[in-house]
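If you're wondering where the values come from, they're calculated on a predicted model, not measured in any experiment. Just so it is clear: chains get the letters A, B, ... in the order the sequence lines come, proteins before strands, and each one is counted from 1. Worth knowing before you read on, the calculation uses all heavy atoms, side chains too, and leaves out hydrogens, waters and symmetry mates.
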There are 2 protein chains.
Amino acid sequence: MARRQTGLSERHRKIMEFLTRFQDSHGYSPSIRQIGDSINVKSTSLVDYYLNQLQNLGYIEREDRISRSIRVLQPIQPGVSLPARVGEAFRGAASALASMVSIPIAGRIVASEPIPMPVSDLNYYDAESSVDIARSLLPAKDVNDLFALEVSGDSMIDAMINDGDIVVMKKASSANNGEMVAIWLDDNNETTLKYFYKEADRIRLQPANPNMEPIFVKNPKSLRIMGKVVMVIRQVHSVAG
Amino acid sequence: MARRQTGLSERHRKIMEFLTRFQDSHGYSPSIRQIGDSINVKSTSLVDYYLNQLQNLGYIEREDRISRSIRVLQPIQPGVSLPARVGEAFRGAASALASMVSIPIAGRIVASEPIPMPVSDLNYYDAESSVDIARSLLPAKDVNDLFALEVSGDSMIDAMINDGDIVVMKKASSANNGEMVAIWLDDNNETTLKYFYKEADRIRLQPANPNMEPIFVKNPKSLRIMGKVVMVIRQVHSVAG
DNA sequence: CTTGACATTGAACATATGTTCGTGTATGAT
DNA sequence: ATCATACACGAACATATGTTCAATGTCAAG
């Protein structure tokens with residue numbers, strides 16, 4: 001092995017501080033280069049590197065290829081800054097109280113078929129087919145592109161997911177290393193849930209069950225990412241067996 | 001002269017509404033093109049034109065050449081807007097609270113140790129260590145003897161339960177056939193989660209994973225039922241591996 | 001009917017901003 | 001040592017996004 005990851009470094013801390021300060025005074029997020037300036041780093045890739053770490057640790061959230069889309073999920077220090085606007089204060093109060101979100105169930109996920117996607121991009125959905133989840137259980141603030149699927153069949157067992165489980169997913173067409181994604185495999189003509197790792201010249205799809213072997217995909221085009229898995233819920237009933 | 005400026009048009013109103021809605025749910029401002037989509041305008045210059053008007057009228061503020069830098073200064077809607085939204089939110093909060101139940105996390109469940117039970121004498125628990133679940137997801141009406149455990153280690157894999165999962169359980173000392181229970185096995189000195197089946201002269205403990213073999217217990221006294229599993233929740237983070 | 005301010009369009013443009021990649025350095029484990 | 005990994009740099013790249021402009025349509029006042 002090698003150098004141990006030391007959790008949060010001084011730079012991580014500074015970035016978080018800068019983010020909250022900047023957002024507080026400007027009302028929008030800084031760009032990568034602006035963050036770089038604030039910590040005296042000229043390389044944008046290094047900032048990107050830090051931001052990915054902070055995201056994996058759950059401190060921030062950001063959208064792929066969208067400028068200034070960083071959201072602070074977890075302020076680093078106890079000193080909470082006063083919200084600039086009424087709307088923001090209101091939002092904070094509401095999220096502290098209400099904190100429940102209704103996620104539409106888009107359909108069933110079966111190994112042998114592509115997964116159904118939520119019907120509309122707008123915030124309309126049928127109240128009948130939805131699951132209510134406490135915001136406190138969800139890592140992301142952005143709750144808009146979440147949807148849920150009911151698992152059908154035992155074929156996701158290698159992903160530690162059972163028949164009847166409910167999988168909460170976030171729409172995505174790309175993934176970062178270590179994220180669990182729903183993938184459509186052209187070669188096998190099947191949907192599967194795996195941890196995603198991009199390696200040198202291939203993609204490794206690692207089952208959640210550590211006893212099982214990974215799948216390797218050479219051709220990135222033969223695999224389509226449908227979404228990232230955010231949560232799995234299993235309601236346990238009496239089951240014949 | 002010519003056409004009179006009519007103050008705020010329908011489109012201005014829609015833009016303002018879209019801005020607040022988008023910022024509220026995404027945490028950052030939309031791009032000009034996204035605003036255009038929301039009002040069915042394909043020309044970015046027209047949106048820019050509207051935004052300049054809104055800025056001159058003091059409704060919004062934005063920075064030159066900086067993406068997604070729009071700030072809403074004055075929410076639209078004649079008077080009713082903010083109070084209405086507050087009222088709505090509080091109504092939502094109330095109903096959310098009513099339909100949500102806070103389940104205490106009694107501790108960690110490890111294969112090699114008996115499971116911790118909730119400090120049941122008093123109906124007091126630390127708010128920090130609890131999970132909020134929507135009542136609609138719980139089968140049982142009786143919510144009082146529910147408690148939650150965080151799974152530690154990979155030893156529950158045969159029960160399709162992973163390290164870090166949260167298991168919601170109901171206190172019980174007996175079980176019906178087909179129910180998933182947490183059991184302490186005197187013989188093996190371990191805690192395990194299995195489906196429970198009482199057969200002619202023995203008890204069959206069936207793993208949730210259908211690929212795995214059951215355990216048989218002849219002596220009912222060497223096994224202690226700690227509770228029934230009601231629900232399993234897995235929050236999926238990025239996982240190194 | 002003109003006229004001119006307002007409204008709208010589409011495309012081209014400029015650049016702000018996130019992403020990728022090759023390379024290099026330090027650090028700890030073996 | 002030597003190996004793998006985390007950390008770091010900077011340039012080239014791709015694209016997301018704001019800006020500009022010339023042309024055209026619309027409508028009410030003159």
Side-chain angles (χ1 to χ4, degrees), chain A residues 1-15 18-19 22-23 26 28-57 60-71 172-178 197-201 203 220, chain B residues 1-15 19 22-23 26 28-57 60-71 238 240-241:
Chain A
M1 293 309 146
R3 192 128 125 245
R4 180 168 302 132
Q5 182 147 359
T6 53
L8 277 199
S9 77
E10 185 55 30
R11 276 185 170 167
H12 290 124
R13 221 171 293 279
K14 273 193 178 171
I15 289 178
F18 176 70
L19 280 178
F22 189 101
Q23 290 185 353
H26 290 80
Y28 52 85
S29 213
S31 71
I32 283 193
R33 274 157 250 258
Q34 285 174 316
I35 297 173
D37 287 349
S38 84
I39 56 171
N40 280 317
V41 164
K42 268 160 284 189
S43 157
T44 56
S45 51
L46 185 55
V47 176
D48 186 60
Y49 176 66
Y50 287 136
L51 290 179
N52 279 329
Q53 291 177 327
L54 287 170
Q55 184 166 19
N56 282 336
L57 293 171
I60 64 171
E61 187 181 19
R62 56 188 190 138
E63 232 105 336
D64 251 28
R65 284 159 202 281
I66 292 196
S67 2
R68 299 171 182 274
S69 64
I70 299 173
R71 277 158 295 190
S173 54
S174 65
N176 300 320
N177 281 358
Y197 293 97
K198 183 170 188 176
E199 299 187 334
D201 60 340
I203 288 166
Chain B
M1 289 302 137
R3 191 128 121 248
R4 183 174 305 133
Q5 178 144 2
T6 52
L8 277 197
S9 77
E10 185 55 30
R11 275 185 171 166
H12 289 121
R13 218 172 295 279
K14 273 193 179 170
I15 289 179
L19 281 177
F22 189 101
Q23 290 184 354
H26 290 81
Y28 53 85
S29 215
S31 72
I32 283 194
R33 275 159 250 257
Q34 285 175 316
I35 298 173
D37 285 350
S38 84
I39 56 172
N40 279 317
V41 164
K42 270 160 288 191
S43 157
T44 57
S45 49
L46 183 55
V47 175
D48 185 60
Y49 175 66
Y50 287 137
L51 289 178
N52 280 329
Q53 292 176 326
L54 287 170
Q55 186 165 18
N56 283 336
L57 293 170
I60 64 170
E61 188 179 17
R62 56 184 189 145
E63 233 107 336
D64 250 28
R65 281 157 202 284
I66 291 195
S67 1
R68 299 172 181 275
S69 64
I70 300 174
R71 276 159 295 187
S238 288

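- For the side-chain contact (heavy atoms from CB on, under 4.5 Å) with Val41(A), the lone residue among Ile15(A), Ile32(A), Val47(A) that qualifies is Val47(A).
- Using bins of under 30°, 30° to 60° and over 60° for the plane-to-plane angle, the ring pair Phe18(A)/Phe22(A) lands in the tilted bin.
- Side-chain contact between Arg68(A) and Ile66(B) is present, with heavy atoms from C-beta onward closer than 4.5 Å.
- Rounding to whole angstrom units, CG of residue Leu54(A) and P of dA6(D) are separated by 16 Å.
- Listed candidates were dT15(C), dT17(D), dT17(C). Nearest to the side chain of Arg65(B) is dT15(C).
- We find that CG of Asn56(B) is positioned 12 Å from P of dC6(C), with the value rounded to whole Å.
- Distance Tyr49(B) OH to dA5(C) P: 12 Å, rounded to the nearest Å.
- For the pair Ile35(A) CD1 and dG18(C) P, the interatomic distance rounds to 7 Å; values are reported in whole Å.
- With rounding to whole Å, Ile32(A) atom CD1 is found 15 Å from dC9(D) atom P.
- For the OP1/OP2 pair of dA7(C) and a distance below 4.0 Å, the side-chain nitrogens and oxygens of Gln53(B) include at least one atom meeting the criterion.
- As rounded to whole Å, 14 Å separates atom C1' of dT17(C) from atom OH of Tyr28(B).
- Sequence order on DNA chain C of the closest nucleotides to Arg68(A) and Arg11(B) puts Arg11(B) first from the 5' end.
- In this structure, Gln23(A) and Arg71(A) have side chains that are not in contact, with every pair of non-hydrogen atoms separated by 4.5 Å or more.
- For the atom pair CG of Leu51(B) and CD1 of Ile35(B), the computed distance is 4.5 Å after rounding to the nearest 0.5 Å.
- Atoms CZ (Arg33(B)) and C1' (dA11(C)) sit 11 Å apart, rounded to a whole Å.
- Within the 4.0 Å cut-off from OP1 or OP2 of dA16(D), not a single side-chain nitrogen or oxygen of Ser67(A) is found.
- For the atom pair OG (Ser38(A)) and CZ (Arg33(A)), the distance works out to 14.0 Å, reported to the nearest 0.5 Å.
- Atom CZ of Arg62(B) is separated from atom C1' of dA16(C) by 15 Å (rounded to the nearest Å).
- Residues Arg11(B) and Leu46(B) have side chains in contact (heavy-atom distance under 4.5 Å, counting atoms from C-beta outward).
- Taking every heavy atom of residues 39-48 of chain B and every atom of DNA chain D, pairs under 4.0 Å involve Thr44(B), Ser45(B), Asp48(B), by number.
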